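Quick caveat: nothing in here was measured; it's all calculated off a predicted structure. For this chain, numbers begin at 1 and follow the sequence in order. In what follows, every heavy atom counts, from backbone to side chain, and hydrogens, waters and symmetry copies are set aside.
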Amino acid sequence: HVQLVESGGGLVQPGGSLRLSCAADGSDMVINDMGWYRQAPGNGRDLVATTPLAGTTKYASSVEGRFTISRDIARNTVFLQMNDLKPEDTAVYYCHAGRVYVGNYYAESLWGQGTQVTVSS
């Protein structure tokens, strides 16, 4: 089965930058949707950004202009470049893959294990 492996979280000061990466292990797969969600303590899991194979990239209004999502389709990898980070961006960030096809295997929705991003001085 497909696993999503995330990296790039950490502690950063306000105004700083971080880049998250998420790679889907395996080969010969088609991943229609890749994206990032985040969950702060006491809150639900909220969309940060998504990028489909076909369609429009979407951002949460709170990150638009500061965060950029991109993907390497050939390597089944998605990135999140986060600039001008604010304390309210502190959360666990989860990678998401949607509508994943690998041979006869199909998954509607897959999640990474999460990576902590902390913005604090």
Side-chain angles (χ1 to χ4, degrees):
H1 289 171
V2 178
Q3 286 190 314
L4 303 179
V5 180
E6 302 159 353
S7 60
L11 172 65
V12 64
Q13 292 187 341
S17 298
L18 282 175
R19 187 174 189 245
L20 305 183
S21 300
C22 171
D25 68 352
S27 59
D28 298 326
M29 70 177 70
V30 175
I31 303 176
N32 282 280
D33 308 304
M34 295 197 82
W36 294 92
Y37 290 70
R38 67 186 181 187
Q39 187 166 16
N43 290 354
R45 193 172 295 188
D46 298 322
L47 170 73
V48 177
T50 61
T51 179
L53 276 181
T56 305
T57 296
K58 297 180 181 178
Y59 293 93
S61 58
S62 58
V63 308
E64 198 145 17
R66 299 187 297 122
F67 292 10
T68 302
I69 189 171
S70 60
R71 64 188 287 186
D72 183 335
I73 295 171
R75 291 177 170 78
N76 298 311
T77 302
V78 65
F79 306 95
L80 186 68
Q81 178 66 42
M82 304 185 292
N83 298 329
D84 189 23
L85 282 159
K86 304 176 187 299
E88 51 264 40
D89 294 318
T90 296
V92 177
Y93 283 69
Y94 294 92
C95 176
H96 176 259
R99 298 181 292 156
V100 180
Y101 295 86
V102 185
N104 293 325
Y105 170 82
Y106 172 77
E108 180 69 23
S109 182
L110 296 173
W111 294 95
Q113 78 282 4
T115 184
Q116 178 70 45
V117 171
T118 302
V119 185
S120 175
S121 55

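- Taking every heavy atom of both residues into account, Ser120 and Pro14 meet most closely at C-CD, 3.6 Å.
- A distance of 9.5 Å separates NE2 of His96 from CE of Met34, quoted to the nearest 0.5 Å.
- Other residues, nucleotides and ligands contribute over 12 non-hydrogen atoms within 6.0 Å of the CG atom of Asn43.
- Minimum interatomic distance between Arg71 and Pro52 (heavy atoms only, all atoms of both residues): NH1-C, 3.7 Å.
- A distance of 4.0 Å separates CG of Leu20 from CE of Met82, quoted to the nearest 0.5 Å.
- Separating the CG atom in Asn32 from the OG1 atom in Thr51 is a distance of 11.5 Å, to the nearest 0.5 Å.
- The side chain to side chain donor-acceptor pair (under 3.5 Å) test applied to Thr118 returns Gln116, not counting sequence neighbours.
- For the side chain to side chain contact (heavy atoms under 4.5 Å, CB included) criterion with Leu53, the lone passing option out of Ile73, Ile31, Asp33 is Ile73.
- Using a 4.5 Å heavy-atom cutoff, the side chains of Arg45 and Arg38 are not in contact.
- Note that CG of Leu11 and OG of Ser121 are 9.5 Å apart. Values are rounded to the nearest 0.5 Å.
- For the pair Ile69 and Thr57, the tightest heavy-atom approach, listed with the atom from each and the gap, is CG2-CG2, 3.4 Å.
- Hydrophobic clustering places Trp36 together with Leu85 (ILVMFWY residues linked when any side-chain heavy atoms are closer than 4.5 Å, directly or through intermediates).
- Residues Val48 and Val117 are members of one and the same hydrophobic cluster, defined by side-chain heavy-atom contacts under 4.5 angstrom among Ile, Leu, Val, Met, Phe, Trp and Tyr.
- To the nearest 0.5 Å, atom CZ of residue Phe67 and atom OG of residue Ser62 are 7.5 Å apart.
- Across every non-hydrogen atom of Trp111 and Leu4, the tightest pair is C-CD1, 3.8 Å.
- A distance of 4.5 Å separates OH of Tyr59 from OG1 of Thr68, quoted to the nearest 0.5 Å.
- Val78 and Cys95 get closest at one heavy-atom pair: CG1-SG, 3.8 Å.
- Taking each heavy atom of Val12 and Leu18 in turn, the nearest pair found is CG1-CD1, 4.0 Å.
- The side-chain hydrogen bond (donor to acceptor under 3.5 Å, both in side chains) contacts involving residues 3-26 comprise Ser17-Asn83, where partners must be two or more places apart or lie in separate chains.
- Val63 and Val92 fall into different hydrophobic clusters, where Ile, Leu, Val, Met, Phe, Trp and Tyr are joined by side-chain heavy atoms under 4.5 Å apart, directly or via other members.
- Residues Met29 and Tyr106 do not share a hydrophobic cluster, defined by chaining ILVMFWY side chains whose heavy atoms lie under 4.5 Å apart.
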